[in-house]
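Both backbone and side-chain heavy atoms feed into the values below; hydrogens, waters and symmetry mates do not. Naming convention: chains lettered A, B, ... in sequence-line order (proteins, then strands); numbering from 1 in each chain. All of these numbers come straight from a predicted model, not from anything done at the bench.
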Number of protein chains: 2
Amino acid sequence: MVDQRVALRQEARRREVMAAAVAVFSERGYRATSMSDIAERLGMGKASLYHYVTSKEEILVDLYEEVLRENVIAARRIASAEQTALDALAELIADRVAYTCRNRELLRVFFEEEAELPARQQSRLISVRHEYEQTLLEMVARGEAAGEFQLTTTPQIFVNTVLGAANWTYKWFQPRGPLSPEELGSQMAAILLATLRNP
Amino acid sequence: MVDQRVALRQEARRREVMAAAVAVFSERGYRATSMSDIAERLGMGKASLYHYVTSKEEILVDLYEEVLRENVIAARRIASAEQTALDALAELIADRVAYTCRNRELLRVFFEEEAELPARQQSRLISVRHEYEQTLLEMVARGEAAGEFQLTTTPQIFVNTVLGAANWTYKWFQPRGPLSPEELGSQMAAILLATLRNP
DNA sequence: GAGATTTTCGACTGATGGGTCTAATTCACA
DNA sequence: TGTGAATTAGACCCATCAGTCGAAAATCTC
């Protein structure tokens, strides 16, 4: 009973620490950020941080774990969607863009700090990324086989082009701009899939 | 006479240092790279490095300067091209992709170490980027005004989408793959401009 | 409100890294 | 082969930083 309460409070505080870490890592970079920087942002001393976290590296690994988890879920959702390959692609791209725009700071860290990960996590990262990409490739292959559309390039190149455009949004999306992440997502999907609609 | 020879030799050696720095920065990140790492890669002691370079920061600034210079040149070339807006766009994208693929390591540093730049360089970076983007936007506006094509989104969004796809190539292009940077460039241009060819 | 538990932190440690100093070594040229 | 400049580097300095320790506050429980 009591343990529960304490555990929950700690959990919540831990999340605050992670959020602060994301903010600072994103702004200065993982390596350039000291534990004191994170602590300062929370108005606490560096030593206190270690009550919620065991190491700086653990923070980074956990952040990656969070994004990776989301990736796995997204990949599953994609694979099980019952719709035209074209529709599925559109939904996927819009989703991906929206997610990226909603978590710009986290994804900046995710995309730019790969080299800081311990080897274990690095291979997990690669394998999840591969799985995600594979799902996408299969989707494209399905659409092509069904005669829904025709590519002018390798599926691989098409997929990389699309993902590049979508991922890059963490660098330029403005949350105070006129478009919501979802609106931007569907507009970008339209741009990126235009090549499929006419040969 | 003699000074010339010496100056040239030093210049050449300096370039080797910069190249080594790019390689290591790209692999481990700027902050995680020590001067000894760079020196080691060249088979020399850390102290020797300082004969060719005055500080670690200077190396980074110079690398940015190099890319920035290329950007300015590219922007000028774009602006002065006498051709259809559509053709110009295609050429530009292909160019951009090819350049990025040919200098993957340098561009990884360029895109991922912005936060490490001193304020002076950071504003220069922003202004050059802005200029480049502006040129692109004008090109799109010209094509639209001339009735060459019609956008389904803001020019800004279209441009960001295109640049995202092009820039992202530093993350996945494989120099040992079947496609040359130029071939990939023109294929990607086709994908990205398809949206302009039919409403 | 005593006693246990949780949370906080000041002070410390060991390691790393940017940059310097001084001196040895190599090189170009006469 | 001698001389002065160019090149190299070992040892050193100082700042920063991840992580620890012990103890003081703050909080909770009954």
Side-chain angles (χ1 to χ4, degrees), chain A residues 1-25 27-64 109 113 115-118 121, chain B residues 1-63 109 113 115-118 121:
Chain A
M1 270 290 134
V2 174
D3 305 6
Q4 274 267 7
R5 273 202 132 80
V6 172
L8 282 178
R9 211 174 44 212
Q10 282 188 338
E11 182 74 21
R13 200 94 167 98
R14 186 175 208 273
R15 262 193 291 272
E16 284 180 57
V17 172
M18 302 298 283
V22 168
V24 193
F25 287 169
E27 192 181 319
R28 308 187 197 171
Y30 172 75
R31 208 74 171 207
T33 298
S34 72
M35 290 301 268
S36 309
D37 290 335
I38 300 174
E40 198 178 352
R41 202 184 163 84
L42 293 163
M44 51 164 52
K46 170 174 77 155
S48 315
L49 230 48
Y50 285 90
H51 250 261
Y52 303 99
V53 139
T54 63
S55 73
K56 193 186 177 187
E57 190 179 271
E58 189 212 43
I59 298 178
L60 189 69
V61 167
D62 269 28
L63 294 180
Y64 270 83
V109 177
E113 306 290 356
E116 301 291 346
L117 283 178
Q121 295 298 319
Chain B
M1 271 295 133
V2 175
D3 306 4
Q4 274 269 4
R5 273 202 131 79
V6 172
L8 283 179
R9 211 175 43 211
Q10 283 188 337
E11 183 76 19
R13 200 95 168 96
R14 185 175 208 274
R15 263 193 291 274
E16 284 180 57
V17 172
M18 301 298 283
V22 168
V24 193
F25 287 170
S26 165
E27 193 181 319
R28 309 187 195 171
Y30 173 74
R31 208 75 172 207
T33 298
S34 73
M35 290 300 269
S36 309
D37 290 335
I38 301 174
E40 198 177 352
R41 203 185 162 84
L42 292 163
M44 51 164 52
K46 169 174 78 155
S48 314
L49 229 47
Y50 284 89
H51 250 262
Y52 303 98
V53 140
T54 63
S55 72
K56 192 185 177 188
E57 189 179 271
E58 189 210 44
I59 297 179
L60 189 69
V61 167
D62 269 28
L63 294 180
V109 177
E113 305 292 355
E116 301 291 346
L117 282 177
Q121 294 299 318

Under 3.5 Å, which donor-acceptor pairs do the side chains of residues 38-48 of chain A form with other protein atoms, sequence neighbours left out?
| residue | atom | partner | partner atom | Å |
| --- | --- | --- | --- | --- |
| A/S48 | OG | A/G45 | O | 3.4 |

**Fill in**
With B for base contact, S for sugar-phosphate-only contact and - for none (protein heavy atoms under 4.0 Å), nucleotides 15-21 of chain D reads --SBBBB

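When all heavy atoms of A/E113 and A/G29 are compared, the pair lying nearest together is OE2-CA, 3.4 Å. Here the shortest heavy-atom pairing between B/V22 and B/V109 reads O-CG2, 4.2 Å.
Listed pair A/S48 / C/dT7 fails the phosphate criterion, with no side-chain N or O lying under 4.0 Å from OP1 or OP2. The phosphate of C/dT7 (OP1 or OP2) has a side-chain N or O of A/R9 nearer than 4.0 angstrom.
For the salt bridge (Lys or Arg N to Asp or Glu O under 4.0 Å) criterion with A/E11, the lone passing option out of A/R13, A/R9, A/R15 is A/R15.
Atom CD in B/Q10 sits roughly 7 Å away from atom P in D/dA6 (whole-Å rounding). A straight line from CG of B/L49 to P of C/dG17 spans 14 Å, rounded to a whole angstrom. Between the OH atom of B/Y52 and the P atom of D/dA9 there is a distance of 10 Å, given to the nearest Å. Here D/dT8 presents its C1' atom at 16 Å from CD of B/E40, a figure rounded to the nearest Å. Rounded to an integer number of Å, the gap from CE of A/M44 to C1' of C/dT6 is 12 Å. One can place CD1 of B/I59 at 12 Å from C1' of C/dG19, the figure rounded to the nearest angstrom.
Residues A/R31 and B/Y30 fail the side-chain proximity criterion, which asks for heavy atoms closer than 4.5 Å. Considering only heavy atoms from C-beta on, B/I59 comes within 4.5 Å of B/M35 through its side chain.
Terminal axes of the helix from C/dG1-D/dC30 to C/dA30-D/dT1 (five pairs each, C1' rotation axis) are separated by 20°, to the nearest 10°.
No donor-acceptor pair under 3.5 Å is formed between the side chain of A/Y52 and the backbone N or O of A/A12.
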**Request:** Would you check, one step at a time, whether the test salt bridge (Lys or Arg N to Asp or Glu O under 4.0 Å) holds for B/E58 with B/R14?
**Result:** CA-CA 12 Å; B/E58 189 210 44; B/R14 185 175 208 274; 3.0 Å; yes

**Item:** Working for side chain to side chain contact (heavy atoms under 4.5 Å, CB included), residues A/Y64 and A/E116
**Value:** CA-CA 11 Å; A/Y64 270 83; A/E116 301 291 346; over 6 Å; no

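DNA chain D is contacted by both B/H51 and A/H51; B/H51 maps to the nucleotide lying nearer its 5′ end (nearest heavy atom per residue).
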